[in-house]
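Because only heavy atoms are used, hydrogens play no part in the values below, and waters and symmetry mates are left out as well, while side chains stay in. Remember, it's a predicted structure, so these values are computed and weren't measured experimentally.
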Amino acid sequence: MKALVTRLDSFGDVLLAGPAVRAVAARADHVTMVCGSRGAPAARLLPGVDEVLVWEAPWGGFEPPDVSRADIDALVERVDADTALILTSFHQSPLPTALVLRLAGVRYIAADSEDYPGSLLDLRHHRAPHAHEAEAALDLAEAAGFPAPDDGWLRVRTPPRADALTGPDPYVVLHPGASVPARAWSPGRAAEAVRELAAAGHRVLVTGGPGERGLTAHVAGAHGTDLGGRTDAPTLAGVLAGAAAVVTGNTAPAHLAAAVGTPVVSLFAPVVPAERWRPYGVPYVLLGDQDAPCADSRARDCPVPGHPCLNTVTATDVAAAVEKLIAVAQPMGET
């Protein structure tokens, strides 16, 4: 059986699809993952993925491309699968993707859908209302005939060792950036946290993408080690795997840390529900006002002056959360 799994969102979203992908891979001969360019590096880290097909959907992402018949026709020609799972967030429709896959000749298509699918879906599944994104994807896979073959936690392929970059253990990672501004702690607060963690005796590594070098340099200051722009996806996984704890917002490194088994201090802006997007399967501490006025708004830029949901979190709060995670060894769940 040739199977196809789609998740057209970002890096973190694709990581959360990992348990469902492994379920499909346990019964399929070949698994293709279809995702956008931002999610492709994560797809290449997932156990069970044999091939990654990169495509930018006009109905996904922050800056979707214009609809192009030639582009859709090209995708239809590339798809070669008998069965497909379409994974989406709770607020997204799978039906445009289902139409393209049906045109490509996929015989069996399963997805969560509240909208009437007509003949586009063979399995119209209804997700549990409060399920975590990783659990919802795994539930869909099981309903489609792909039961979980393992514990269902996040995983990635074994990352390379990053000792040459990180130096010796122990260390704490602080990742100050986020793809969505509303989910980011302020740079000033993050810099304060680096200083406070260093004063408590921790060696602090500050990570970020190539476009965040200014931010990571500011946050690291004289008390942290700036790794901004120095880690591709596999290397970042290696850095996070060696950390005693990771401090980050609701962004990809939170899920990558969970996938390598590292505890997370989650600076979580409630613009999306924590119950669906919190760190999954590892000890974590959730910080941030989950009842702030921005809750469930899905805002990309904070709609409340002063960004109070996160900027009321202090460096002392973060340092205390790090100490709690390091001191309390729990295999799974919230501390």
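For the atom pair CE of M1 and NE2 of H30, the computed distance is 13.5 Å after rounding to the nearest 0.5 Å. Note that CG of D82 is 10.5 Å distant from CG of L4, once rounded to the nearest 0.5 Å. We find the CG-OG1 distance between L8 and T97 to be 4.5 Å, quoted to the nearest 0.5 Å. Distance check: S68 OG to L75 CG gives 11.0 Å after rounding to the nearest 0.5 Å. To the nearest 0.5 Å, the span separating CG on L227 from CZ on R213 amounts to 11.5 Å. Summarising the geometry, atom OG1 belonging to T312 is positioned 8.0 Å from atom CG belonging to D317; distances are rounded to the nearest 0.5 Å.
Within a 6.0 Å sphere centred on CZ of R157, other residues, nucleotides and ligands contribute more than 12 heavy atoms.
Between V271 and D296, the closest side-chain pair of non-hydrogen atoms is not below 4.5 Å. Side-chain contact between V246 and V265: absent, with no pair of heavy atoms (C-beta onward) separated by less than 4.5 Å. Contact of the T32 side chain with the V5 side chain is not registered, since no non-hydrogen atoms from C-beta on lie closer than 4.5 Å. Considering only heavy atoms from C-beta on, C35 comes within 4.5 Å of V52 through its side chain. Put simply, the side chain of R298 reaches to within 4.5 Å of the side chain of H91, judged on heavy atoms. In this structure, L174 and P176 have side chains that are in contact, with non-hydrogen atoms separated by less than 4.5 Å. Side-chain contact between L101 and L99 is absent, with no heavy atoms from C-beta onward closer than 4.5 Å. Between L87 and L140 the shortest side-chain heavy-atom distance falls below 4.5 Å.
Judged purely by atom type and a 3.5 angstrom limit, H307 uses its side chain to pair as donor or acceptor with the backbone of A182. Not one N or O on the side chain of H175 forms a donor-acceptor pair closer than 3.5 Å with the backbone of T251. Side chain of D226 to backbone of A220: no donor-acceptor contact under 3.5 angstrom is found. Listed for the N311 side chain is a donor-acceptor partner under 3.5 Å among the backbone atoms of G306. Looking only at distances, a side-chain donor or acceptor of Q290 sits under 3.5 Å from a matching main-chain atom of F268. Looking only at distances, no side-chain donor or acceptor of R276 sits under 3.5 Å from a matching main-chain atom of P273. Between the side chain of T6 and the main chain of V34, no donor-acceptor pair closer than 3.5 Å is present. The backbone N or O of A299 lies less than 3.5 Å from a partner atom in the side chain of S297, making a donor-acceptor pair. No side-chain donor-acceptor contact under 3.5 Å links R7 to the backbone of V14. A donor-acceptor distance shorter than 3.5 angstrom exists from the side chain of R203 to the backbone of T166, with no hydrogens or angles considered.
Minimum heavy-atom separation, C294 to V304: N-CG2, 4.2 Å. Taking each heavy atom of D9 and S89 in turn, the nearest pair found is OD2-OG, 4.4 Å. Of all heavy-atom pairs spanning E196 and A315, the tightest one is OE1-CB, 3.7 Å. Across all their heavy atoms, V204 and A198 have their closest contact at CG2-N, 4.2 Å. Minimum interatomic distance between V54 and A40 (heavy atoms only, all atoms of both residues): CG2-CB, 3.7 Å. Scanning both residues, I72 and V67, for their nearest heavy atoms gives CD1-CG1, 4.3 Å.
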Side chain to side chain contact (heavy atoms under 4.5 Å, CB included) between E133 and D13, intermediate numbers included = CA-CA 8 Å; E133 290 293 306; D13 301 305; 5.9 Å; no
task = Given side chain to side chain donor-acceptor pair (under 3.5 Å), test W185 with T248 step by step and report yes or no.
result = CA-CA 8 Å; W185 206 24; T248 184; over 6 Å; no
message = Apply side chain to side chain contact (heavy atoms under 4.5 Å, CB included) to residues L121 and L123 and explain how you reach the verdict.
response = CA-CA 5 Å; L121 298 180; L123 174 63; over 6 Å; no
query = Would D139 and R127 satisfy salt bridge (charged side-chain N to carboxylate O under 4.0 Å, His left out), going step by step from the backbone distance to the final call?
reply = CA-CA 8 Å; D139 287 346; R127 64 188 290 161; over 6 Å; no
task = Run the numbers on L95 and S113 for side chain to side chain contact (heavy atoms under 4.5 Å, CB included), then give the verdict.
result = CA-CA 8 Å; L95 300 184; S113 183; 4.0 Å; yes
query = Which is it for V49 and V21 under the side chain to side chain contact (heavy atoms under 4.5 Å, CB included) test, yes or no, and what are the steps along the way?
reply = CA-CA 7 Å; V49 173; V21 169; 3.6 Å; yes
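By the 6.0 Å and 45° rule, R38 stacks over the aromatic ring of F62.
Across W153, Y280, F90, a single residue satisfies ring-ring contact (aromatic ring centres under 6.0 Å, His included) together with H132, and that is Y280. A side-chain contact (heavy atoms from CB on, under 4.5 Å) with L45 holds for exactly one of L236, L256, V260; it is L256.
Side-chain contact check for H130 and E135: no donor-acceptor pair (N or O, by modelled atom type) lies under 3.5 Å. For the residue pair H125/D112, the side-chain donor-acceptor check at 3.5 Å is satisfied.
A continuous path of ILVMFWY side-chain contacts below 4.5 Å connects L46 to V24, so both sit in one hydrophobic cluster. Both I86 and V79 are part of a single hydrophobic cluster, where members link through side-chain heavy atoms under 4.5 Å apart. There is a path of hydrophobic side-chain contacts, each under 4.5 Å, that joins L197 to L215. Note: the hydrophobic cluster containing V194 also contains I326 (ILVMFWY, side chain heavy atoms under 4.5 Å, direct or indirect links). One hydrophobic cluster, built from ILVMFWY side chains closer than 4.5 Å, cannot hold both M33 and W55; they sit in different ones.
Salt-bridge formation is not detected for the pair K2/D29: no Lys NZ or Arg NE/NH1/NH2 atom is positioned less than 4.0 Å from an Asp or Glu carboxylate oxygen. Ion pairing of D122 with R102 is present here, as a side-chain N (NZ or NE/NH1/NH2) and a carboxylate O approach within less than 4.0 Å.
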